Amino acid sequence: MKIVYPPLVEQSVTYHSNEGISKAEMYRSMVEKGIITENGLPTPYALENGWIKDFYEEENLSFESFLAMYPIFEQYDQELFKLVDGFWEIPVTLKKELLQELASGNFDYDEKIQIEEYLADR
């Protein structure tokens, strides 16, 4: 039987890959330390202390708030971004470019997470 771990555990294992921690150990540690719940959701304590970043986008965010959530996009021309149905969207060509760069490993860990989270619901 294959165990499916919550995304935050998967991300933590990836981040700490050079430490040789198993997914089971990471999950147990994160729950014990109050970083995630047993269901894998971030705890309010972890969010308040900045240990986990919440990428929940409310509708009609200002562009400044959007960039605070996804600072990776500060390097791109603001004209590329359009507010569509209350959410900041980018052209399909830029999405494809980002996916290619992700596949090539051209982003550091934080940039990779930002892009993956942005593209997850789009």
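Residue numbers start at 1 and run along the sequence shown. Everything numeric in this text was worked out from a predicted model, so none of it was measured. Reckoned from all heavy atoms, side chains included, excluding hydrogens, waters and symmetry mates.
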Do Y70 and E57 come within less than 4.5 Å of each other through their side chains, counting heavy atoms only? yes
Any non-hydrogen side-chain atom of F107 less than 4.5 Å from a side-chain atom of I72? yes
Would L61 and L80 show up in the same hydrophobic cluster when neighbours are defined by side-chain heavy atoms closer than 4.5 Å? yes
Is there a path from I90 to F63 through hydrophobic residues (I, L, V, M, F, W, Y) whose side chains come within less than 4.5 Å of each other? yes
Assess, by modelled atom type and distance only, whether the side chains of Y15 and E10 contain a donor and an acceptor separated by less than 3.5 Å. no
Heavy-atom closest pair (A68 atom, K53 atom, distance to 0.1 Å) is O-NZ, 3.2 Å
Are any non-hydrogen side-chain atoms of Y76 and L98 less than 4.5 angstrom apart? yes
Under 4.5 Å between side-chain heavy atoms, counting indirect links through other Ile/Leu/Val/Met/Phe/Trp/Tyr residues: same cluster for Y109 and I35 or not? no
Go through the structure and list residues passing side chain to side chain contact (heavy atoms under 4.5 Å, CB included) with Y45, not counting sequence neighbours. T43, N49, W51
Less than 4.5 Å apart, any side-chain heavy atom of L8 and any of Y27? no
Taking the side chain as everything from C-beta on, heavy atoms only, tell me whether Q11 gets closer than 4.5 Å to K112. no
Under 3.5 Å, is there a donor-acceptor pair linking the side chains of S17 and T14? no
Residues that S104 engages under side chain to side chain contact (heavy atoms under 4.5 Å, CB included), provided they are two or more places apart: N106
Distance-only donor-acceptor check, side chains E25 and S22, under 3.5 Å: yes
Basic-acidic side-chain contact under 4.0 Å: E117, R122: no
Got a sec, which residues hit side chain to side chain contact (heavy atoms under 4.5 Å, CB included) with L47, two or more places apart in sequence or on another chain? P42, I52, D54
Connected via hydrophobic side-chain network under 4.5 Å: Y5 and V13: yes
Which atom of E74 lies closest to which atom of L67, heavy atoms considered: N-CD2, 3.9 Å
Measure centre to centre between the rings of F66 and F81, then say whether the value is under 6.0 Å. yes
F55 vs I113 side-chain heavy atoms within contact, under 4.5 Å: yes
Contact between I3 and K23 at the side-chain level, heavy atoms closer than 4.5 Å - yes or no? no
Tell me, with the steps shown, if F73 and Q78 meet side-chain contact (heavy atoms from CB on, under 4.5 Å). CA-CA 9 Å; F73 291 123; Q78 184 175 347; over 6 Å; no
Are L99 and Y118 connected in the hydrophobic side-chain network, where two residues link if heavy atoms are under 4.5 Å apart? yes
